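Quantities reported herein were computed from a predicted structural model and do not represent experimental measurements. We use all heavy atoms of the structure for the numbers below, so side chains are in, but hydrogens, waters and symmetry mates are not.
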Amino acid sequence: MSGMSATMSGSGSSPCRFAHYFVICGIDNETGLEPDALAGENFDQSPLKRTFKSKVLAHYPKNIQCNAFDQDAVNMLCMPKGLSFRTQRDSHTPQFHSFLITREDGSRTYGFVHTFYEEVTSPQICSAMQTLHQMHQAEHNESAHNCPSSSSSSSSSSSSMDSLASSLGEVESPSSTSSSQGGHTSCGCSGEGYDSVRDTLYVSKAMCLITPMPFMHACKGFLSQVHRAVISHQPPPLPLESYIYNILYEVPLPPPGRSLKFHGVYEPILSQRPGVGELPLADFPLSEAFQLLGVENLVQIFTCVLLEMQILLYSQDYQRLMVVAEGITTLLFPFQWQHVYVPILPASLLHFLDAPVPYLMGLQSKEGTDRSKLELPQEANLCFVDIDNQCIELPEEFPQFPNKTEFIQELSEVLLSFGLSPEGGNTSPEPAVSMQTSTLEKELKSTSLSELVDDRRNGNLGGEALDMLELLQGNPTLERLQALAKRTGVKVARLEALAAGEEGVGGRSPAEEEELRNAKLNVQLREVFAARFATMFADYESFVIQNSPDLESWLTNREQMHNFDKASFLSDQPEPYLPFLSHFIESQMFATFIDNKIMSQWEEKEPILRVFDGRIEKARLYNVRAPSLRSSVYQKCTFLKESAKVEKTQAIEQRLRKIDHTAIHPHLLDMKIGQGKYQQGFFPKLQADVLVEGCLLLQNSMAFWEWDKAPPPPIKPPKKSFSACCLKYVQEARNLGKKLRQPKLSDLSPAVIAQTNWKFVEGLLKECKMKTKRMLVEKMGREAVELGHGEANITGLEENTLIASLCDLLERIWSHGLQVKQGKSALWSHLLHYQVREEKNEQLSESPVSNGQEKRKPESSVGLPALRVSLIQDMRHIQNMGEIKTDVGRARAWIRLSLEKKLLSQHLKQLLSNQALTKKLYKRYAFLRCEEEKEQFLFHLLSLNAVDYFCFTSVFTTIMIPYRAVIIPIKKLSNAMTTSNPWLCVSGELGDSGILQITKNVLEMTFDCQNLGKLTTVQLGHDNSGLLAKWLVDCVMVRNEITGHTYKFPCGRWLGKGVDDGSLERVLIGEFVVPCSDDDGGRGSKTPPLQRSPSQIRRISITSLTGRGNKPTTVQIQESTGEAVNNIIKHFHKPEKERGSLTVLLCGEGGLVWALEQFFHHGFRSARIFQKNVFVWDFYEKAVAFVENADQIGDLQETPEPLGLNCESFCRYVNAINNMPRNIGKDGKFQLLVCLGARDRLLPQWLPLLAECPVITRMYEENALLRDKLTVSSLIAVLETLHDFPITLESSLTKSIEL
């Protein structure tokens, strides 16, 4: 995709050429047979199946300035598994495959390879093969009685990567199966033997074209024609040099939006390039990718690519790997894959799978190899795609693509309209030679009439003819006749076309038809994907943050800046899209897309961005998006897609029908007599002097260079990418291989990889720093924003995304440089090893705690025994969770738990402190064995202790959790003891524990119940039995025994009849206790604690009304009411999943009840009547009595209607509360009335009633706020603002009230 920019960089004429190099790879007769050690040698294989080094035998021209020739990389990718030998018994079908090379600056060069077999003429090589075979036979006979199977070497291999290499080193081309039909397949002897007298030996040779853009069809056509010329009985019309010279120097790149015809050996070849407003060039047939995998699988892989996971493609066929990889990256428009991209991974680069970064790679599978035998370094975040068996293995948790079902449906409709099955069908890999087969069969299978009308040759079929076709299908005799007719029929069609003067319209060859059909289908499928992104990101520009005056200052501060307002963007999206979008906007490809957008204000827009912005602009003109801004209803982007589809398919057809340019015909070159000699079946030794770019070029150059008038765009500063490292590794691996004589992979890897992995280690550390910083900044919310750190409070969804990406990072760090892989999660596997060792040590030493492995966590709370800090204990908690079925899941749960307990850094430090274990599990170059980086990494993780996470509690909502509760009495008046039977009910955001009886005078209990989430309230009471039935309680402490989270529920009141407010049960509001950390890392940087419940001092001073303590001023009272109402409104403005507890905002300290209590206490007559406390509830009861009394006398008959209704509702509520079976005391009743009034929107209606009730003069001073009309009316206005919100009450508050 970045080919476009790549083609124009560099000076001189070469960038405008269609092809940069023509290359021949094969066996070097001088050096003979060299075993390819890097490709993973396996000496148990028959010599014919071993890998031998191939060489670049020739390449023309020598070099091009803008695209330097990389001999090692080209050789490796032309023949990824080295040379392959055959005898006359094997199949010699030529194979076609493509590859690409990603250069340092991120631009790509494409290679197209035609591999065929040529007879070996060198007697030295034949005799060497014979010798190898005899040695193998002797060895095999010797070991036959000892060892039943010859392929056991891989199992004893020391390194998993080595065994991977050896299992892949035996790779054999799919077509060579015919040879192993003898009964001896297990040992590779006799049936597959080679005898130089009896057998003819053949070896593979590859012709390759290297081009700046992926013109796959044209290159495939050209190479297959060259091969046809080599094996044909007649020599070609001109020497091969003429055709190769022509394509290298005389065929230009088609300009954008134009088509070009040039000449192969026998037939003309067409190629065309999309225009400026069209989607970038993609010549690989998407139909093949969809048929290989099926729509659903492809959409899942596509999602994994968007989320930047590790994707490994697996197939026997190189071209399939390339078609799927290029197909998927093509569909990413307008985004581009930013990480390691190696669609064909040569055997010598297998250690690359160890890369702890996102990658998209292709691996060739050995025929008959079982997937289970393939050992991969890391699988926690891997999407494994077995193309040949049409099956995929997906990572465990990842969000689905928005509207996936409807999206798949739309893609299926496109495929069906072309007569293809959406489920996909495993088409056999086509050999390159049979490329010219007609598409008539496929055309006939499609029952769509429009398709037939579209096809010029069948345009005259009427309805009857169609019925006839359907009738004739499937008849074997007729099919043979049809095949015969087809061979002649094509020519007939062409003659008729010529007669009608329609050359090039109706007279397209079947291959051209196929190409046109592929191009049309490509456009239609890509338009569906592009339309999804255009809908999803229609308003992305509004959220781009442009805050730099010039490019230089932007580049300087790029790392520190926020370029995109993620929080606002997400808040603008439909709910169902959020899980996917919140992950996707954290990806590198999205960041790069936004960077390009920002840079486009200073330099020319990237072509891809220009096309995408054009799309969005067009959609706006037609107002496609506006009405459905936040709807997640799937819209087929009909207008856009239809218009685009018609435009683009017409454009393609137009270009292929009316050729814009024809290149110079191949012509005789100035060759010496006797050169260019033809020998059937052998590729000739080309004349280098005529193929080296020289003066000949100048004579013909002017013919086409002037087509592209535009000057080349300025060369961009190179983008550094991980993929850029790939080719360096190739060279380093190769160079090292030259110095060492036949080294084993295990000897070689550490040395090579130590250098190359350094970049990965640095990259992982940087990523860790970025992620922890982002988690901190997001979590610290408002506080951080005030300090200038960018975006405001984090949403629960974003928090989950960031934690998931931290889990993924830890998995990648733990799987980097593994010696031997065990299980899918490297982190969990390490933890299990550690657990086994520690448990052994525990059994050996009598006292398990004495070895310092487990500390007790200091507890700030009184009364709760300290909780043991133990890595093993946390593992056991996870192991006991039946809900989690996989190792990857267990590792993630353990990370979440450690993060919630603020022990992640400490636990991992402890895990890595066992150096013997780390050395045993990891190679020297692994991240976990780089001391300095490891320390920094643990330090970054330690910074996360500064904030409170509930990422374990909030995710695993159905698990059973042990809780411990302690009731702490106030010990004065010896009332710590009580004769009554206490009970307790704990409630949280996810439910409550039910009533729990507590053993008398023990006051402590543990109980198991399903996760309650964050704890909100405790109901505490007793049954008032016995002589000592009065009880003064300080507080209740409750702790979650898994996460260690402790909540304090302050009380500070009596429970008992005839004491305090006569309450036998109270609802206490919880506050989260911040643990005092023994680590310095957490000090002084805590997030503010959650809303706390009223403290006992406040409770006692207000209720006993003895005038002690500072009474709040009128201004403070009014402010606190406003603040309480404000907090409730803010609560409802948060997304539903992130709101937390409303109970705390109603009944907690600073809550609504507390504020109104202050209001009603202002000016309340505080004298005790006969030493008995007076409560606000007494005023309410008197008011009710007065109203009811007046009602009976008939005084209220005169009152206006609404006031009468208000009186009625007020009396009904007060009486209902008084008639409850619960003994909640007078303050408890006041609290309940306020909560019910807020819920049912009655508070503002009751206030005037109370303010005007005559009882007020007896119970309130003259200056009381309740007697000030202005204050009352402003309070009513404040309370009315709550009417817009649906206030719901916890069952612990409203239990057993009958209204």
Side-chain angles (χ1 to χ4, degrees), residues 20-28 30-41 51-84 97-105 107-113 115 165 168-169 171 204-211 318 322 340-353 355 361-364 721-743 745 747-749 751-757 759:
H20 284 176
Y21 294 101
F22 179 82
V23 186
I24 296 287
C25 293
I27 190 163
D28 183 353
E30 307 288 304
T31 55
L33 290 182
E34 272 190 275
D36 194 351
L38 283 169
E41 192 47 79
T51 47
F52 295 96
K53 277 188 190 170
S54 58
K55 292 266 171 75
V56 172
L57 302 177
H59 70 277
Y60 309 101
K62 278 283 169 261
N63 218 357
I64 286 180
Q65 192 184 347
C66 69
N67 178 10
F69 187 73
D70 184 336
Q71 186 148 327
D72 292 322
V74 171
N75 177 36
M76 211 182 272
L77 292 163
C78 279
M79 300 191 128
K81 57 170 190 282
L83 297 170
S84 154
H97 78 267
S98 352
F99 62 82
L100 63 81
I101 292 177
T102 309
R103 290 201 293 272
E104 281 278 359
D105 64 351
S107 60
R108 292 172 183 173
T109 307
Y110 291 82
F112 300 96
V113 186
T115 308
L168 287 157
V171 170
S204 53
K205 185 172 257 189
M207 296 184 287
C208 167
L209 269 181
I210 292 179
T211 63
Y318 293 128
M322 193 71 183
V340 175
Y341 181 59
V342 189
I344 297 173
L345 187 66
S348 51
L349 287 187
L350 284 176
H351 64 265
F352 226 71
L353 291 172
M361 301 205 220
L363 191 59
Q364 198 209 21
S721 64
F722 267 121
S723 27
C725 316
C726 173
L727 288 171
K728 282 195 182 157
Y729 297 177
V730 177
Q731 284 154 355
E732 284 168 7
R734 278 294 189 215
N735 293 341
L736 219 74
K738 284 174 193 159
K739 293 173 204 157
L740 302 164
R741 279 279 150 257
Q742 289 200 1
L745 190 66
D747 298 343
L748 168 73
S749 298
V752 177
I753 301 171
Q755 308 155 20
T756 58
N757 273 278
K759 282 199 178 73

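Taken to the nearest 0.5 Å, the CD1 atom of Ile344 stands 6.0 Å off from the CE atom of Met322. Taking CD1 from Ile27 and CD from Glu34, the interatomic distance works out to 10.0 Å, rounded to the nearest 0.5 Å. Atom NZ of Lys81 and atom OG of Ser54 lie 11.0 Å apart (nearest 0.5 Å). In this structure, His59 NE2 and Ile210 CD1 are separated by 9.0 Å, a value rounded to the nearest 0.5 Å. Leu57 contributes atom CG, which lies 13.0 Å from atom CE of Met207 (distance to the nearest 0.5 angstrom). Taking NZ of Lys53 as the start and NZ of Lys55 as the end, the distance is 7.5 Å to the nearest 0.5 Å.
Looking only at side-chain heavy atoms (C-beta outward), Lys205 and Cys25 stay at 4.5 Å or farther from each other. The shortest distance between side-chain heavy atoms of Ile101 and Leu77 falls below 4.5 Å. No side-chain heavy atom of Met361 sits under 4.5 Å from any side-chain heavy atom of Tyr341.
In this structure Ser98 satisfies the side chain to side chain donor-acceptor pair (under 3.5 Å) test together with Gln319, sequence neighbours excluded. Not counting sequence neighbours, Thr115 has no partner by the side chain to side chain donor-acceptor pair (under 3.5 Å) test. Every residue two or more places apart in sequence or in another chain that forms a side chain to side chain donor-acceptor pair (under 3.5 Å) with Thr109 is listed here: Arg103. Evaluation of the side chain to side chain donor-acceptor pair (under 3.5 Å) rule for Tyr21 yields Asn63 as partners, not counting sequence neighbours.
Note on ring orientation: taking the six-membered ring where Trp is involved, the planes of Tyr110 and Phe112 are parallel (angle under 30°, cut-offs 30° and 60°).
Here the closest non-hydrogen pair linking Leu83 and Gly26 is CD2-C, 3.5 Å. Minimum interatomic distance between Cys208 and Gly111 (heavy atoms only, all atoms of both residues): SG-CA, 4.4 Å. The two atoms that bring Cys78 and His97 nearest to each other are O-CE1, 3.2 Å, heavy atoms only. Taking each heavy atom of Pro61 and Ile64 in turn, the nearest pair found is CG-CG1, 4.0 Å.
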(request) Go through Tyr318 and Val113 one step at a time and tell me if the side chain to side chain contact (heavy atoms under 4.5 Å, CB included) criterion holds. (result) CA-CA 10 Å; Tyr318 293 128; Val113 186; over 6 Å; no
